[in-house]
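Letters A, B, ... mirror the listed sequences (proteins, then strands); counts begin at 1.
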There are 4 protein chains.
Amino acid sequence: MTALRGVIPPVCTPLTASGELDVPSLERLYGFLLDAGVHGLFVGGSTGEIGQLTDSVRAAALSVAVSTAAGQVPVLAGVIDMGTPRVVEHALTAQRLGADAVVATAPFYVRAGRPEVRAHFRLLASALEVPVVAYDIPANIGYKLPGDLVASLAHEGVIGALKDSSGDLESFRQVLADTSGLDFPCLTGSETLADLALAAGAHGIVPGLGNVDPHGFLRLYEHASRGDWDAARTEQARLTELFSIITVADPARIGPMSAALGAFKAALALRGVIDCPATFPPLLPLLPAEIEKISARLERS
Amino acid sequence: MTALRGVIPPVCTPLTASGELDVPSLERLYGFLLDAGVHGLFVGGSTGEIGQLTDSVRAAALSVAVSTAAGQVPVLAGVIDMGTPRVVEHALTAQRLGADAVVATAPFYVRAGRPEVRAHFRLLASALEVPVVAYDIPANIGYKLPGDLVASLAHEGVIGALKDSSGDLESFRQVLADTSGLDFPCLTGSETLADLALAAGAHGIVPGLGNVDPHGFLRLYEHASRGDWDAARTEQARLTELFSIITVADPARIGPMSAALGAFKAALALRGVIDCPATFPPLLPLLPAEIEKISARLERS
Amino acid sequence: MTALRGVIPPVCTPLTASGELDVPSLERLYGFLLDAGVHGLFVGGSTGEIGQLTDSVRAAALSVAVSTAAGQVPVLAGVIDMGTPRVVEHALTAQRLGADAVVATAPFYVRAGRPEVRAHFRLLASALEVPVVAYDIPANIGYKLPGDLVASLAHEGVIGALKDSSGDLESFRQVLADTSGLDFPCLTGSETLADLALAAGAHGIVPGLGNVDPHGFLRLYEHASRGDWDAARTEQARLTELFSIITVADPARIGPMSAALGAFKAALALRGVIDCPATFPPLLPLLPAEIEKISARLERS
Amino acid sequence: MTALRGVIPPVCTPLTASGELDVPSLERLYGFLLDAGVHGLFVGGSTGEIGQLTDSVRAAALSVAVSTAAGQVPVLAGVIDMGTPRVVEHALTAQRLGADAVVATAPFYVRAGRPEVRAHFRLLASALEVPVVAYDIPANIGYKLPGDLVASLAHEGVIGALKDSSGDLESFRQVLADTSGLDFPCLTGSETLADLALAAGAHGIVPGLGNVDPHGFLRLYEHASRGDWDAARTEQARLTELFSIITVADPARIGPMSAALGAFKAALALRGVIDCPATFPPLLPLLPAEIEKISARLERS
């Protein structure tokens, strides 16, 4: 797992105006990120709208990533689903398609308790040859993966890494402390606390905004790697300011995920990386005036 | 939708000891319920462990239901998944396999707001010929379907019925009042408030415990239909007592859903309806001593 | 405790326009309720804005209730506060001022667990001669009093009654079943499920809207007492319709409690029972146009 | 407000074995902290068990602090209560007793919305001459003070500082950014993220564990002030390890606050600073074997 370090963006999944997966845009996006120098690609995360992708779209997006990355950097595949049999099925497909690791949450919808969560990760790991990255994203699944359970599964060899999108740096730090002797990369999903997570010992960052500004997160990571915390903080402040593009939409009209994922895609379209800012249903589109604001903020950044 | 009345159990999905779908047991279970006189079958609800069923198991369980019901009573198919494209795909399959209606929750994982939830049901309905039943189950998806949104979608003709597993009788009652002029069946998923929900005007009940004791819920429904509320309350009290089988397991060892779904299946196995009490992963099995307790309570009931 | 039956409104606390306790209005309000025939007065509940009342206002409101009730009906005193020593202090004062029982929640702010909640009620009861009514109001204190703990404290003789404002009829019903052999009145705080709670066996109702329309709730209670559930349901439907006065305010301008308590007081002022619809800070006032709407709904009811 | 910097422990409130405020122990505790060099005293926070202190105990604890501090360092007084009139009353008392600032949460129990929270702080500030510190402690009051509202009230001059016990560094950082031009100290209540909060720009720290080990937090603060983040992190790791004293109690026997506040007091008693480790009801005592474990960890630290 030592390869899981640095900046690993959770890649957006571009659509055509008619609602199909836009493969040329996806290839350009992977290329844009790889050219910037990212250390890995995470396909099928929340930023990739994994909850809305049908199985065939998931497979296509992953295959393109594997062929584009061509072994230069690891490709992580999100295998997000509710219960263990469904997750195992996704994971076997991802492994077959060439993913270097799979990223799985605790079960959801099934209202699993701690014993069931442990059983879930054990069954998943035992079905696979590639490593399992535990994905802690309580805002999406309504369950916080307990830090001590993560550490215990790490010591048991069931999971090989953590992707923490909980925003709970206290728990994240505890996992870092409790797994310090292992080869167990801990990655943060935070856009706005990336410098602090790295200061706390995080091995890498998985920022959704990294689709839009991979160069900024790479600079941040390099500053942190050199221990230049002032420079890291300055870069972080710039990126946090840019992150405000997710708030331009009217919250009375569309929900926060429509606003956030629409903003990332609008920014990528404005930068010419992808063709169309459409998101998958049920997410709703930004208005032209909102995209104008994003354009202004991109230019200012 | 007038056909959606009465007792419509959310059917369990039996497994063989080796973890495969147990089709003969499933046929016996459908037959047991139909012989008892249930008014419909709901395949692929939470009690059916829908979150854990792979697509092929979902399809098999539904096909057996359609052929066993043979048009005598409606078959409802749960099409539970995260985002709209995935739900539409399940729904088209269910429609093709002969479901009389599909049962869908609001989106989850994607953190949809109210505008996205509305868009989700509209898109789903527009893709289908069979009606959509809205499934309100906040404990599983972390989102309470607002009563006024349900009523609005009902008036718009987007949804044809409600299955309410929220436990919130106040909201349920408001939907009943706000849709009183429509042909819009409102079903409750509660095992322990079925008599009160019927007193409030519910058109039907969808109790998980109805797998184990369909005759009791049918008696309760008949008492209520005749306005014999004392008899309904007495039957309800007996069923509520029986429902305590879901609490025999040690909560320090397994979670509440392992305990509840394991109890339903253990009771069905004890009654000779299905062969094996196994549940789908990540749910964990009951211990023999716990199954003994269930046996004792079944005999007492 | 047998005296705790029937309709026991949680009385509003009227203010003068300059923000002082309005004793003449309070006397008129108590008189209005007693003349209607209520079975008790609950002073210092959430509807009475207990969280905002200083100790001296609490004492004054209670003293006026005791002298106005003059022993005809029981007076219950809310002794709402965070930790045990503060609650005991309020309770001793209430006892001294003549309350027939005190109404206390689980501790809050202190983040008590189940063992601490049990200790809290035991300490409170041991300090008093009057009985303690347990007040279950999770929306206000962030803690649901577990039904089995209520039943256990009832059997132990620590608490003498339950006032349930949880909206959870399943838990309420379980307490009724588990205390059926005791003299342990169970009262519901619901405005809109009062008929169903009575059908489930509730001994009384404590509706905030009972300030505005005590006669309606008394009719509902009498219908239920005679087993005339159709008449009870019809009265309930009328009261539920009237209860919509709590939603006339613009939710973007003021919060739901400003809207609800302001509506009760506005209705009382419109009916001439109290002088001024003001609420205690931080609650914010209704606008004249909103009070117009309340007036129209009152006339229609 | 410029004086609010550095290490400001939220002071414990010692009891005698018979349950009275232990003034000599309290004086020794204040002296211990002042001798260590703390930059202020916060009396009446959650660590001080403010929710359980009667008004007379609150006043006594504050008076002793004011006289012991004797103007060397600022004394902050928690004025924690539910609704505005009660909070104002506490605040006027605290001001009269010599507090340099009062610390107030948003309203609770009353279910205030954003407009009411704003009104609450405005009314409180307008009633006082001393500044108001906003206290964000969602775990205790069930409400997260929105960062943008904090910044807005800061710019308006309503509040003079923030004490953030939310654990949400993202929101905390946003407040820091949005108030950067003001004299608006932002203090963190975290024991385990103190170094990261300081790296993010926090002006001070308010750690409950600072009662037990003020010297450690002072070293941490000094390292951070000099920009020596490696030394800060090392000290933080030692303090985080020591903080595990709050987890020695059996969670099946007593709740987490009994465990945490009991551990602080037990450690202070073991160090000879206070006489007795008792906490206020409803909190429950540690067992001797648990206190043994605390002793071992103190020696190891």
Side-chain angles (χ1 to χ4, degrees), chain C residues 19 46 49-58 80-90 105-124 127 137-143 250-261 279-285, chain D residues 15 19 46 49-58 80-90 105-124 127 137-143 250-261 279-284:
Chain C
S46 308
E49 299 178 75
I50 185 70
Q52 296 114 285
L53 305 190
T54 60
D55 288 0
S56 62
V57 173
R58 289 180 178 210
I80 312 305
D81 214 312
M82 297 168 266
T84 315
R86 294 183 65 83
V87 176
V88 168
E89 201 168 77
H90 290 299
T105 67
F108 49 96
Y109 191 87
V110 301
R111 297 165 63 189
R114 186 183 175 105
E116 287 84 9
V117 173
R118 184 183 287 279
H120 171 77
F121 280 110
R122 283 179 176 163
L123 284 165
L124 180 59
I137 187 159
N140 288 35
I141 71 165
Y143 177 85
D250 175 5
R253 192 181 61 80
I254 59 175
M257 296 314 290
S258 293
L261 298 179
T279 49
F280 287 87
L283 298 188
L284 295 165
Chain D
L15 282 175
S46 308
E49 299 177 75
I50 185 70
Q52 296 116 281
L53 306 190
T54 61
D55 288 0
S56 62
V57 172
R58 289 181 179 210
I80 311 304
D81 213 311
M82 298 168 266
T84 315
R86 295 184 64 82
V87 176
V88 168
E89 203 169 76
H90 290 299
T105 68
F108 49 96
Y109 191 87
V110 302
R111 297 165 63 189
R114 186 182 174 105
E116 288 85 6
V117 173
R118 182 183 288 279
H120 171 78
F121 280 109
R122 283 179 177 164
L123 284 165
L124 180 58
I137 187 159
N140 287 35
I141 72 165
Y143 178 84
D250 175 6
R253 193 180 61 80
I254 59 174
M257 294 315 289
S258 293
L261 297 180
T279 50
F280 286 87
L283 298 188
L284 294 164

**Student:** Check each atom of Leu283(D) against the heavy atoms of chain C and say whether the ones under 4.5 Å are side chain, backbone, both or neither.
**Tutor:**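 For Leu283(D), the contact with chain C is made by backbone and side chain together.
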**Student:** Between Pro282(C), Gly83(C), Ala139(C), which shows the greatest number of heavy-atom pairs under 4.5 Å with chain D?
**Tutor:**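 Most heavy-atom pairs under 4.5 Å with chain D: Pro282(C).
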**Student:** If I compare all heavy atoms of Glu89(C) with all of Asp55(D), which pair ends up nearest, and what's the gap?
**Tutor:**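 Shortest heavy-atom separation between Glu89(C) and Asp55(D) comes out as OE1-N, 4.4 Å.
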**Student:** With a 4.5 angstrom heavy-atom cut-off, which part of Arg118(D) approaches chain C: side chain, backbone, both or neither?
**Tutor:**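 Answer is neither: Arg118(D) stays 4.5 Å or more from chain C.
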**Student:** Of all the heavy-atom pairs spanning Arg111(C) and Asn140(D), show the shortest one and how long it is.
**Tutor:** CD-OD1, 2.9 Å
**Student:** With a 4.5 angstrom heavy-atom cut-off, is it the side chain or the backbone of Ile80(D) that approaches chain C, or both, or neither?
**Tutor:** both
**Student:** Which residues satisfy the salt bridge (charged side-chain N to carboxylate O under 4.0 Å, His left out) test with Glu49(D), sequence neighbours excluded?
**Tutor:** Lys265(D)
**Student:** Who among Ile137(D), Val87(D), Asp81(D) has the most heavy-atom pairs with chain C under 4.5 Å?
**Tutor:** Asp81(D)
**Student:** Of the non-hydrogen atoms in Gln52(C) and Val110(D), which two are nearest, and what is the gap between them?
**Tutor:**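 Closest heavy-atom pair between Gln52(C) and Val110(D): OE1-CG1, 3.2 Å.
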**Student:** Between chain C and each of Arg253(D), His120(D), Arg114(D), Met257(D), count heavy-atom pairs under 4.5 Å; write down the option with the most.
**Tutor:**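 Top count of heavy-atom pairs under 4.5 Å with chain C: Met257(D).
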**Student:** Is any side-chain heavy atom of Glu116(C) less than 4.5 Å from a side-chain heavy atom of Ser258(D)?
**Tutor:**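 Heavy-atom side-chain distance check passes, below 4.5 Å.
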**Student:** Side chain, backbone, both or neither: which part of Arg122(C) has an atom under 4.5 Å from a heavy atom of chain D?
**Tutor:** neither
**Student:** Identify, with sequence neighbours excluded, every residue that meets ring pair (Phe, Tyr, Trp, His ring centres under 6.0 Å) alongside Phe108(D).
**Tutor:**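 Here the qualifying residues are Tyr109(C).
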**Student:** First locate atom OG1 of Thr54(C), then atom NE2 of His90(D), and finally report the distance between them rounded to the nearest 0.5 Å.
**Tutor:** 10.0 Å
**Student:** Locate the shortest heavy-atom distance separating Thr84(D) from Pro281(C); write the atom from each residue and the value.
**Tutor:**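 It is OG1-C, 3.4 Å.
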**Student:** Which one, Gly255(D), Pro107(D), Gly51(D), Pro251(D), leads in non-hydrogen pairs under 4.5 Å with chain C?
**Tutor:** Gly51(D)
**Student:** For chain D, find which of Ala119(C), Ser46(C), Ala252(C) contributes the most heavy-atom pairs closer than 4.5 angstrom.
**Tutor:** Ser46(C)
**Student:** Out of Gly19(C), Gly113(C), Pro115(C), Pro85(C), which one racks up the most heavy-atom pairs below 4.5 Å with chain D?
**Tutor:**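 If we count pairs closer than 4.5 Å to chain D, Pro85(C) comes out on top.
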